[in-house]
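Everything on this sheet refers to the single structure shown next.
When reading the values below, keep in mind they use all heavy atoms of this one structure, side chains included, and skip hydrogens, waters and symmetry mates.
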Amino acid sequence: MVETQQGDERQRDIPPPPSWLDKGLIQQALCNGGEENLQVAALDVTLPIPSGENYSSTIYRAKATLTDGQHRSFIVKGPSPGATLANMSSEGGVFQREAELLGTLIPQMQALLEDAAPGRFPPLAPRCYHHGTSPVEFLVLEDLTPAGFKMANRKRGLGLRHSLLALRTLARFHAASHALLRRQPELAEKLGNTWRAMYNTMETFVKGEMGAAAEACRSWPGCEDYADRLDKFKVVAIDKFTELNDAKPGAFNVITHGDYWVNNMMFRYEEGELKEFRAVDLQMSHAASPAIDLIYFLSSSVSDLIHEHHQDLLLREYHWELKETLELLGLQSPSLEALLAAVDLHGPFSLFMAPSRAIVRAEKPVDMNAMFEGDHSSLLTLYEHAEVKKWMQRVLPDYASRGWLPA
């Protein structure tokens with residue numbers, strides 16, 4: 001029996017790990033990490049994240065006891081247990097995509113930053129030690145928890161300090177990736193648009209999501225008019241969201257994280273003080289406007305207070321870090337006005353992110369497999385969440401005034 005510790009709650013009766021996650025796999029990871037002289041004597045595999053908390057894969061923690069008494073810990077990612085999500089991951093090539101990012105592209109980005117300013121920039125992401133496709137798709141990654149990293153409380157929404165650190169790191173990531181795209185322009189086509197690769201599954205989800213939003217609006221005083229607009233929008237939403245995620249020729253493009261929300265962020269503290277940040281889970285990365293990541297983050301992960309009163313500050317701080325980093329790399333940054341215009345242009349993507357506030361703040365994990373199958377009751381439940389109702393009632397008038405919803 002495998003046990004996993006989550007907070008003060010111990011979960012039991014979890015099935016054993018898959019047969020492919022064995023000592024041989026971790027031995028290869030050690031060899032790839034330059035520790036080929038070390039031998040794995042025993043392996044303890046746990047589930048660090050409860051079922052339903054991670055959506056596109058299954059996450060394991062593999063703790064290896066070595067023959068010399070040392071210990072090493074790795075995060076291992078395998079296929080999602082849900083058939084629909086597993087098929088979507090296969091369509092999008094998400095394991096190969098993340099392996100390419102963590103194993104090749106991010107080390108190149110990190111090298112560009114190090115050459116520009118030695119010792120200034122911390123790592124952008126965890127290290128990838130091993131990946132493959134047989135007998136299943138898998139990744140073996142650096143485990144950040146021994147270094148003191150942990151997830152923030154997703155149910156509260158991120159405050160100002162956490163949000164600033166996440167966006168400054170994102171700005172460095174975007175700057176380095178823009179420099180890489182300038183050197184290797186073929187990368188944009190190679191990475192493609194994850195949304196186009198997953199179009200069929202995403203279409204089912206988006207139509208269901210917008211339909212559930214429209215139905216919910218009809219029951220909210222003052223929102224009845226927006227229900228009709230959402231019904232119109234759901235017909236074109238998938239094509240709109242997909243087009244917004246394309247890299248536009250001649251525009252300022254970066255490699256996006258693609259799934260930049262609180263569940264994919266880890267923070268390190270010292271004596272209660274926030275010190276360091278890492279982004280994880282880059283399975284949705286592709287070349288596009290930086291506005292995609294900014295909207296994704298602001299719409300899903302910051303507290304209502306921060307979203308309502310401090311978005312301008314966050315965007316200014318992001319732009320400042322982007323400009324500073326690009327200048328170190330010998331490149332020119334778009335102006336703040338150009339960045340804000342890009343965020344406004346990509347603004348309709350905020351509609352896709354609205355239900356994520358319920359997912360982030362849910363007391364229990366939601367059934368994402370059912371939602372991506374278009375299950376109406378599961379999707380409608382998202383809009384019954386008190387915070388999502390409050391959020392939608394606040395933002396829909398603004399979205400309509402900006403022209404993001406059809407009249």
Exercise. Measure up the Tyr260 and Phe297 rings against each other and bin them: parallel (under 30°), tilted (30 to 60°), perpendicular (over 60°).
Key: tilted
Quiz prompt | Gap separating the CD1 atom of Ile238 from the CZ atom of Phe352, nearest 0.5 angstrom | solution = 8.0 Å
Practice problem: Looking only at non-hydrogen atoms, find the nearest pair between Phe252 and Pro290 and report the distance. | Solution: O-CD, 3.4 Å
Quiz item: Given Asp246 and Arg196, is the salt bridge (Lys or Arg N to Asp or Glu O under 4.0 Å) satisfied, shown in steps?
Solution: CA-CA 9 Å; Asp246 281 332; Arg196 291 197 182 279; 2.6 Å; yes
Quiz prompt | Heavy atoms of other groups near Lys190 NZ, more than 12 under 6.0 Å | solution = no
Practice problem: Kindly check if the number of other-residue, nucleotide or ligand heavy atoms within 6.0 Å of CZ (Arg394) is above 12? | Solution: yes
Quiz prompt | Polar side-chain atom of Ser177 near backbone of Ile255 as donor-acceptor pair, under 3.5 Å | solution = yes
Quiz prompt | Between CD on residue Gln96 and CG on residue Leu101, distance to nearest 0.5 Å | solution = 12.5 Å
Practice problem: Would you indicate whether the side-chain heavy atoms of His385 and Glu387 approach each other to under 4.5 Å? | Solution: yes
Exercise. For the residue pair Phe173 and Leu282, establish whether any side-chain heavy-atom pair is separated by less than 4.5 Å.
Key: yes
Exercise. Check whether any side-chain heavy atom of Leu230 sits under 4.5 Å from a side-chain heavy atom of Leu351, and report yes or no.
Key: yes
Exercise. Keeping to residues at least two apart or across chains, list the ring pair (Phe, Tyr, Trp, His ring centres under 6.0 Å) pairs with something in residues 28-48.
Key: none
Quiz item: Between Leu66 and Leu30, is any pair of side-chain heavy atoms under 4.5 Å apart?
Solution: yes
Exercise. Sorted by first residue and then second, give each salt bridge (Lys or Arg N to Asp or Glu O under 4.0 Å) pair with at least one member in residues 172-181; sequence neighbours left out.
Key: Arg172-Glu321
Exercise. Answer yes or no: are there more than 12 heavy-atom neighbours, outside Arg182 itself, under 6.0 Å from its atom CZ?
Key: no
Practice problem: Check the angle between the aromatic planes of Trp195 and Phe241 and answer parallel, tilted or perpendicular using the 30° and 60° thresholds. | Solution: perpendicular
Quiz prompt | side chain to side chain contact (heavy atoms under 4.5 Å, CB included) assessment of Thr204 paired with Asn200 | solution = CA-CA 7 Å; Thr204 300; Asn200 291 335; over 6 Å; no
Exercise. Could you tell me whether Phe267 and Phe277 have their ring centroids closer than 6.0 angstrom?
Key: yes
Quiz item: Nearest 0.5 Å, what's the CZ-CD distance between Phe149 and Glu142?
Solution: 8.0 Å
Quiz prompt | Where Leu191 and His286 come nearest, the two heavy atoms and their spacing | solution = CB-CA, 4.3 Å
Quiz item: Going by distance alone, is a donor N or O of one side chain under 3.5 Å from an acceptor N or O of the other, for His131 and Glu137?
Solution: no
Quiz item: Is any side-chain heavy atom of Lys77 closer than 4.5 Å to a side-chain heavy atom of Gln283?
Solution: yes
Practice problem: Would you indicate whether Trp320, at its atom CH2, is surrounded by more than 12 heavy atoms from other residues, nucleotides or ligands within a distance under 6.0 Å? | Solution: no
Practice problem: Determine, stepwise, if the pair Leu382 / Val388 fulfils side chain to side chain contact (heavy atoms under 4.5 Å, CB included). | Solution: CA-CA 7 Å; Leu382 292 180; Val388 173; 5.8 Å; no
Quiz item: Which heavy atom of Ala216 sits nearest a heavy atom of Tyr383, and at what distance?
Solution: CB-CB, 3.5 Å
Exercise. Work out which heavy atom in Ser300 is nearest to a heavy atom in Met353; give both atom names and the distance.
Key: CB-CE, 3.7 Å
Quiz item: Considering residues at least two apart in sequence or located in another chain, which fulfil the salt bridge (Lys or Arg N to Asp or Glu O under 4.0 Å) criterion with Glu270?
Solution: Arg268
Self-check item: Nearest atoms (heavy-atom pairs only) where His319 meets Ser333
Solution: NE2-OG, 3.7 Å
Quiz item: Would you call Arg278 and Glu276 a salt bridge, taking side-chain N to carboxylate O under 4.0 Å as the test?
Solution: yes
Quiz item: Would Tyr199 and Asp239 count as having a side-chain donor-acceptor pair, cut-off 3.5 Å?
Solution: yes
Quiz item: Within the distance-only criterion (no hydrogens, no angle test), does the side chain of His309 pair as donor or acceptor with the backbone N or O of Leu305 below 3.5 angstrom?
Solution: no
Quiz item: Quick one: are Gln108 and Arg183 in side-chain contact, heavy atoms under 4.5 Å?
Solution: no
Self-check item: SB check Arg316 Asp312 (cutoff 4.0 Å)
Solution: no
Practice problem: With rounding to the nearest 0.5 Å, note down the distance linking CG in Asp281 to OG in Ser57. | Solution: 5.5 Å
Quiz item: Atom CG of Leu379 and atom CD of Glu373: how far apart are they, to the nearest 0.5 Å?
Solution: 10.5 Å
Self-check item: Residues that Glu36 engages under side-chain contact (heavy atoms from CB on, under 4.5 Å), provided they are two or more places apart
Solution: Cys31
Quiz item: Does the side chain of Leu139 come within less than 4.5 Å of Val76's, by heavy atoms?
Solution: no
Exercise. Locate the shortest heavy-atom distance separating Val254 from Ser289; write the atom from each residue and the value.
Key: CG2-C, 4.3 Å
Quiz item: If you measure only the distance, is there a donor-acceptor pair under 3.5 Å linking the side chains of Glu91 and Asn87?
Solution: no
Practice problem: Taking the side chain as every heavy atom from C-beta outward, state whether Gln393 and Cys223 have any atom pair closer than 4.5 Å. | Solution: yes
Quiz item: Are there more than 12 heavy atoms of other residues, nucleotides or ligands under 6.0 Å from atom CD of Gln332?
Solution: no
Practice problem: Report yes or no: do Asn245 and Asn193 form a side-chain donor-acceptor pair below 3.5 Å? | Solution: no
Self-check item: Derivation of the side chain to side chain contact (heavy atoms under 4.5 Å, CB included) call for Leu144 and Val280
Solution: CA-CA 10 Å; Leu144 295 171; Val280 299; 4.0 Å; yes
Exercise. With sequence neighbours excluded, tell me which residues meet side chain to side chain donor-acceptor pair (under 3.5 Å) with His178.
Key: none
Quiz item: Do Leu298 and Val343 pass the side chain to side chain contact (heavy atoms under 4.5 Å, CB included) test, and can you show the C-alpha distance, the side-chain angles, and the key distance before you say yes or no?
Solution: CA-CA 11 Å; Leu298 293 171; Val343 171; 5.9 Å; no
Quiz prompt | From CD1 (Ile26) to CD (Gln39), nearest 0.5 Å | solution = 13.5 Å
Quiz item: Is Lys150 close enough and on-axis enough to Tyr269, meaning under 6.0 Å and within 45°, for cation-pi?
Solution: yes
Self-check item: Tyr318 side chain to His174 side chain, donor-acceptor N/O pair below 3.5 angstrom
Solution: yes
Self-check item: Aromatic ring proximity His307/Trp391, centre distance under 6.0 Å
Solution: yes
Self-check item: side-chain contact (heavy atoms from CB on, under 4.5 Å) against Ala29, all qualifying residues, sequence neighbours excluded
Solution: Phe74, Tyr129, His130, Val140
Quiz item: Would Glu114 and Arg120 pass as an ion pair if we require N to O under 4.0 Å?
Solution: no
Quiz item: Does the side chain of Thr65 come under 3.5 Å of the side chain of Arg72 through a donor N or O and an acceptor N or O?
Solution: no
Quiz item: Should Lys63 and Asp143 be marked as a salt bridge (Lys or Arg N to Asp or Glu O under 4.0 Å) after you check the CA-CA gap, both sets of side-chain angles, and the distance that decides it?
Solution: CA-CA 10 Å; Lys63 292 183 178 180; Asp143 185 358; over 6 Å; no
Quiz item: Within the side chain of Asp259, is there an N or O that forms a donor-acceptor pair under 3.5 Å with the backbone of Met284?
Solution: no
Quiz prompt | Pair Phe349 + Trp404: ring centers closer than 6.0 Å | solution = no
